[in-house]
Amino acid sequence: MKYVDVLIDIADSRADHIYTYSVPPPVPEKELTGRRVLVEWGKKKREGYIIRERDFIEQDITHVKPVIKILDREPVFDSKMLELAAWIAQTYLCSLVQALRLIVPRAITGKKDKVVLPNVKEEEMLSSPASFLVNKYLPFFEELWQREEISLKEARKKLGKEVLELLAREGLILVAGVYAGYKPLPGGYVYRLAGFEVKELSALRKKAPRQAEVLALLMEKGEIAAEQLEKTFARSTIEALLNKGYIKKVKKDKKIFSAPFVLTEEQERAVEMIVSRLEEGYREFLLYGVTGSGKSEIYLRAAQACIEKGKKVMVLVPEIALTRHLVEMFALRIPGIAVMHSGMTRAERYEEWKRIKNGEASLVLGTRSAVFAPLSDLGLIIVDEEQETSYKQEETPRYHAVEVARRRAQMEDALLLLGSATPSLETFHRAMEGKSELIKLSRRIGNAVMPVIYIEDMRLNLKRGPKHNLFLSDFLYNKIEDNLKRGKQCILFLNRRGYAWLTVCTECGNIVLCPHCSVGMTYHQDIKRNLCHYCNFTAPVPSLCTRCGSRYLQQIGFGTQRLEEELKRLFPGARIKRLDIDISRKREEPRNILQAMQRGEIDILIGTQMIAKGFNFPSVSLVGIVDADGMLNLPDFRAGERAFQLIVQAAGRAGRGEIPGEVVIQTYQPDNLVINLAAKQDYMSFYLEEIRLRKILNYPPFTNILRLVVSDEEEKLCQAVINELADYIGEITDAKEERIEILGPAPCPIKRLRDRFRYQLMVKCENIMLLRSIGRFIIDNKERFPSKTRIEIDINPLMTM
DNA sequence: AGCACGCCGACT
DNA sequence: GTCGGCGTGCTC
Ligand SMILES: [Zn+2]
Ligand SMILES: [Zn+2]
């Protein structure tokens, strides 16, 4: 008898459930491990993952149930990916199921050969809460119990779609099917354009529209798999084109188009350093290069070299908006790239996943979750803008894609290439310690030169009495005016969306708060309402103060909307546009704005940090950072690092083309070290200063942090639970020799969020294993606390609001 | 995570 | 004497 260990697919954060089932004959010949199955678990039928095959069962097992149905024709994960899942579960304190769900796409659709199974036993039908339904359709159920399964088609004929859906919803029946597989394209032949002139196309459109269609398609895609083309077009159409010599059928070759760009000496050296280490086992590189130094071209060359050696490449980017730029660049020179990001529909992701699994993609490009792409034979993993916080998932499993990428590279003997203009302290520290090789690009490519950067003391602006308004210094005003006169473009950054900052009563100082969160509400001009930036609750601006009844409420501070309004008043002739999250929610608008910007149809672009990243506007010659202080005053030990990165990134938007750039940083603390180092673009000094502080204050990378957040609608309950957790951890601290530091318990910086109070506890300890075991213990003992009280556990958190 | 079993209070 | 609260233990 054949047996399998099945991991039951239920989201139990406390523990995994693995049980042995028998595989009734006929046992499939191919591998079972990694396939999904349907099993009866307890009273219910559930899906599970086969994680082991065996020919015997442990002696203490009395009953073994059979596998009801094997749901996959081939495995959806291999032993390496299972190992990776186990590592995720252990490292980030989640269950194996939660980790596997990252790796195996949830394909609700795409099941074939669907059948209906009974999900209630005959002898139990009377005790079922919906037994009247069983009685109502008794003949159907009797047949179902007897035959065990009925094809969905037949069942639909008997009862109709609606009734079946009802029965399924009530848990009386189960619709199961085999996950649709993916047909590989055999032979590996493709069609390409041959001797064909574009000008012939219009003539052909009239005479032979189908042929023209094929040609247009080939012009767009470059090449099309033979199977696919032959399936969609008639044989005669294709043959006619072949006979005319317009197209050719060729074996899909691995030849890479030669790169048209000439590398600088620095780039050449960087590429050589990486490429020479391909196939030499795991190794990590940090490509540290200023904005505009041509990192993307190095990624591309390294990727090409890797693919030439027959290995696959993974490229991670921080956000969807940045995928487009790299996709365009890579797709031009590397055939068969796959794209995966969270903006795609589930079906699109699944299709792409199957292509990758099938070995049809030589390069996968995507955001955070693409780190789990089912690539085998990985030779190189590239992480662009490695310092970006979006690589960390802010819900369980709270993994960090850079760490996962490192782990995969180690498992696959591949190279890890991290790129950044402002590396995270952790990453740069690794390079300083010799854990990775530092590759430095210090010059911008082409004729672009580093911008000139000015720090403007806003205290003077305040003292003099602002000529224009509070948030625009004379200096920046004049620079903008000059810039407009010269017909150049300008970008203004303000990292605060909305119109103002807060609504305040001028008589008693009361601030209008969100009724669901402990944060002030922000007025938004477009909707003419106050908005909570944390829970998106909106409310009309109150006409009277809720505390003292005063009519004098004021909108204080300024956001991008107010900045836009004021600039339009100050520079009435200028073409001014704004781009922030609120704008980007409108469908076409962001793209239109970016394109208009590229074409020089916008004079002043106002935006939040989203325009600081990635976009390359060659004719921007002035960048204004309106409020550099706003970024510095966050309650997080990484605030300085974030501010430095953001200022440098923003400054990097200036002077990317031929035009030399200027940057104006407005601040009330012109002597602040972070601002001054950012102004000098002096990463090295910033690093040395910041790492010194981290060492003194005992923060990462010199220690690890376990963060516990307890949340509940009742504050008392929160406090009780967090105190109990603190007591428990205190006991461990006393018992251990190691240096363990406990910060808190204390309310989170945002004390209430979506009607839940939040309290946190930070445990600092160099020994990460100890932190994990503390976290694991808390998970194992969760039932000791009220179940409605949420306990979240994060190892090395990035956000601590 | 579900679900059944089982032991105590309140209510027909 | 019965209905129902949720603590405890089990799921191959
Ligand atoms: Zn008031
Ligand atoms: Zn809110």
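Chain identifiers are assigned alphabetically (A, B, ...) following the order of the sequence lines, protein sequences preceding nucleic acid strands; residue numbering begins at 1 within each chain.
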Student: Just checking, is any N or O donor in the side chain of A:Y92 or A:E403 under 3.5 Å from an acceptor N or O on the other one?
Tutor: yes
Student: Please determine, by modelled atom types, if A:S518 and A:R752 share a side-chain donor-acceptor pair under 3.5 angstrom.
Tutor: no
Student: Under 3.5 Å, is there a donor on one side chain and an acceptor on the other for A:Q393 and A:E395?
Tutor: no
Student: Indicate, with a heavy-atom threshold strictly under 4.0 Å, whether A:R54 touches base, sugar-phosphate, or nothing.
Tutor: nothing
Student: Could you check whether A:E319 and A:S390, counting side-chain N and O atoms only, form a donor-acceptor pair closer than 3.5 Å?
Tutor: no
Student: Answer yes if the ring centres of A:Y399 and A:F372 are under 6.0 angstrom apart, and no otherwise.
Tutor: yes
Student: Give the residues of residues 2-19 of chain A touching DNA chain C, defined as any heavy atom closer than 4.0 Å, sorted by residue number.
Tutor: A:H17, A:Y19
Student: Would you say the side chain of A:V6 lies within less than 4.5 Å of the side chain of A:I18, judging by non-hydrogen atoms?
Tutor: no
Student: Looking across every strand, which nucleic acid part, if any, lies under 4.0 Å from A:E40 by heavy atom: base, sugar-phosphate, or nothing?
Tutor: sugar-phosphate
Student: Answer with yes or no whether the side chains of A:T427 and A:E386 bring together a donor and an acceptor at under 3.5 Å.
Tutor: yes
Student: Quick one: do the A:R707 and A:Q760 side chains pair a donor with an acceptor below 3.5 Å?
Tutor: yes
Student: Reading DNA chain C from 5' to 3', where do the contacts with chain A start and stop? Cut-off is 4.0 Å to heavy atoms.
Tutor: C:dT11 to C:dC12
